[in-house]
Amino acid sequence: ENQREAMVMMRQTSLRPIVGSHVYFIATFLLLTVGGIIASRRERLPLKINAKISQRSRLHGIGRPQPTLATRRDTKLSGGRGLERRGVAAYSTVVTWDSIHDLMLRQSPLMKLGLQRLEFSTTVDNKPVSVSYDVFGKKGRATLFLAAPSFVPSRSTFVDMATSLCKLAPGKFLPILTELPGYGVNDKALTDLDSFGPSYYREYLPKLLKHLADQYGPIDIVSAGHAGFYSLDAAKMAQGCVDKIFLVNPTYRGPLTTVKMKNQDNPIVPGVIDTLCGVISGLYALPEPLGQAVHKTQCSRESIQKAMVSHVYENPENVTAVAVELNRQYAAEGERWGKCAFLVGKTDPYPNREDAMLAYQDGVPVETRVCVGAKEEDIFRKDLQFLTDKGVELIVTDGAQRNFVEFPDQVATAAVSFFTSK
């Protein structure tokens, strides 16, 4: 995530001389860091959800992590369809949870199917790594929902779509939700910034797919953002483990690398972007509390809301206080390394379109369909033409880059049609 954000950054850059923008970015980051240090003295993690929902209902805070998650009833608030517009808590006491990710999972109707949190351990780059994945239910075709490795990563972003999938075809799907190492619930699985990169995920993901196929047989995949191209890459290596792949707004580069790619013929811009990425990485790597303070500067409600209105959601009315606060907590909670890796392009599957085109010049490894939000349709049609030219169908629903959150029923309907077709 995100090509549109890159376009906004390009427009901003065009208003200032290139060298001036270089100084502007770095100076801004340093000033924000100082502000973050001051703010860190006033606000400590774990964070609290304190957005006002109504006169009778407020979102309460997240307490200390607990070894076992509690079961609780679903609480719906007026005016909401998706999970991000549902009450996180509507009680008079503070409820404790492992994380904001777990809190939102427990609010999901998927819990009625039953939940098993399982662990997968392997070695990547000769180092051990363990991740968790959540299995909802006991029957149906295993369908892996792989969250995008982004600045607001969480497996729980898929719960509404997964719920709709199960309602549309009862008993036919077994939802399995997870993230890549370094993100969401799995953020502590990878905390070395230098380890983030395409080679790491291309070694890891085929092993996970083989593990799941050994348990459930060939699986289907729903993956978003960068995870989409990692899923395609992994399906090549884990032959026979994947039946179909449903890509939701797949992308192969992040915002800064998009600026660099679009200005690759400019003699200055690529170097400026490389320097900026180095500065950001260095600031994120500062010892505590400085490194965390740097990250906090990027997690303000204002910046989250701006991004959601710009390219994440289509309808500004759906960018509610609840949705903004929830995404702020996705960004702010947990380890910061994966979010930094996303910002500076370390998790980009391919640095430019030519590399992606070359990787798929012979087509995709399994039957694949792409689903994008209408607000981003033109951008994705251009960026993914090398896939559609090979016969991959592109479906358009309402929404933008999080169409599966904003309009989960529409995206789930498209996915069910694809997965159940022969």
Side-chain angles (χ1 to χ4, degrees), residues 1-13 15-16 21 24-54 58-62 79-80 82-85 88 100 104 148 150-154 157 225 254-256 258-259 276 279-280 283-284 289-334 336 338-340 342-344 375-376 399-402 405-406:
E1 303 176 18
N2 172 289
Q3 290 94 334
R4 183 174 292 274
E5 183 174 338
M7 294 174 66
V8 173
M9 293 179 66
M10 288 176 65
R11 288 197 293 269
Q12 292 173 340
T13 302
L15 297 176
R16 298 184 295 270
S21 69
Y24 170 84
F25 276 124
I26 295 176
T28 299
F29 226 95
L30 291 173
L31 288 173
L32 289 174
T33 300
V34 175
I37 296 172
I38 297 173
S40 67
R41 297 177 178 272
R42 301 177 180 177
E43 182 179 359
R44 296 182 179 181
L45 292 178
L47 301 173
K48 290 188 176 182
I49 299 179
N50 55 15
K52 184 176 181 180
I53 303 307
S54 69
R58 289 177 180 269
L59 299 183
H60 289 284
I62 309 301
L83 184 63
E84 292 190 357
R85 292 175 297 284
V88 177
I100 186 63
M104 300 314 292
S150 68
F151 199 75
V152 286
S154 179
T157 58
L256 289 176
T258 296
V259 174
L276 178 60
V279 170
I280 294 173
L283 290 173
Y284 262 73
L290 299 178
Q292 187 64 34
V294 170
H295 178 58
K296 284 169 68 71
T297 66
Q298 306 305 301
C299 302
S300 69
R301 292 179 180 85
E302 292 75 16
S303 62
I304 296 296
Q305 182 174 3
K306 182 178 179 180
M308 292 177 70
V309 171
S310 170
H311 56 267
V312 178
Y313 278 24
E314 181 181 43
N315 186 350
E317 293 183 0
N318 289 333
V319 184
T320 63
V322 179
V324 172
E325 177 61 15
L326 175 60
N327 279 273
R328 187 191 73 83
Q329 292 210 27
Y330 284 151
E333 185 175 287
R336 64 186 183 273
K339 294 146 190 176
C340 176
F342 167 76
L343 287 176
V344 302
K375 187 176 181 179
E376 303 289 299
Q401 291 204 356
R402 286 286 173 95
V405 174
E406 190 178 9

Participant: How close do Leu256 and Leu276 get, counting heavy atoms only, and between which atoms?
Facilitator: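 The answer is CD2-CD2, 4.0 Å.
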Participant: Might you point out which heavy atoms bring Leu326 and Met104 nearest each other, and give the distance in Å?
Facilitator: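 The pair with the smallest heavy-atom distance is CD1-CG, 3.6 Å.
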Participant: Is any side-chain heavy atom of Glu325 closer than 4.5 Å to one of Gln329?
Facilitator: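 The answer is yes, as the side chains (C-beta and beyond) meet within the 4.5 Å cut-off.
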Participant: So, for Tyr330 and Thr157, which heavy atoms are closest and what is the spacing to 0.1 Å?
Facilitator: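 Nearest pair, atom of Tyr330 first, then Thr157: CE1-CG2, 4.0 Å.
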Participant: Which residues satisfy the side chain to side chain contact (heavy atoms under 4.5 Å, CB included) test with Ala400, sequence neighbours excluded?
Facilitator: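 Checked Ala400 against side chain to side chain contact (heavy atoms under 4.5 Å, CB included); matches are Lys375, Glu376.
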Participant: About how many Å separate SG of Cys340 and NE2 of His295, when rounded to the nearest 0.5 Å?
Facilitator: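 Rounded to the nearest 0.5 Å, the NE2-SG separation comes to 9.5 Å.
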Participant: Restricting to non-hydrogen atoms, name the atom on Arg402 and the atom on Tyr313 that form the minimum distance, rounded to 0.1 Å.
Facilitator: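 Arg402 and Tyr313 have their closest heavy atoms at CB-CE1, 4.1 Å.
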Participant: Mark yes or no for whether Gln305, through its side chain, and Val319, through its backbone, hold a donor-acceptor pair below 3.5 Å.
Facilitator: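 No, the answer is negative, given that no donor and acceptor are paired below the 3.5 Å cut-off.
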Participant: Considering only heavy atoms from C-beta outward, does the side chain of Asn327 approach that of Val312 to under 4.5 Å?
Facilitator: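 In short, these two side chains do not touch, never coming nearer than 4.5 Å.
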Participant: A side-chain contact here means heavy atoms from C-beta on lying under 4.5 Å apart; do Val152 and Met308 qualify?
Facilitator: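 Val152 vs Met308: side chains apart.
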Participant: Taking all atoms of both residues into account, what is the closest heavy-atom pair of Leu343 and Phe151, and its distance?
Facilitator: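 So the minimum-distance heavy-atom pair works out to CD1-CE1, 3.7 Å.
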Participant: Please report the interatomic distance CD(Glu333) to CD1(Ile100), rounded to the nearest 0.5 Å.
Facilitator: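 Reported value, rounded in 0.5 Å steps: 6.5 Å.
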Participant: So, for Pro153 and Lys339, which heavy atoms are closest and what is the spacing to 0.1 Å?
Facilitator: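 Heavy-atom minimum between the residues: CD-CE, 4.0 Å.
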Participant: Is it the case that the side chain of Arg328 and the backbone of Ile304 share a donor-acceptor pair, with hydrogens and angles ignored and the cut-off at 3.5 Å?
Facilitator: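 No; zero donor-acceptor contacts below 3.5 Å.
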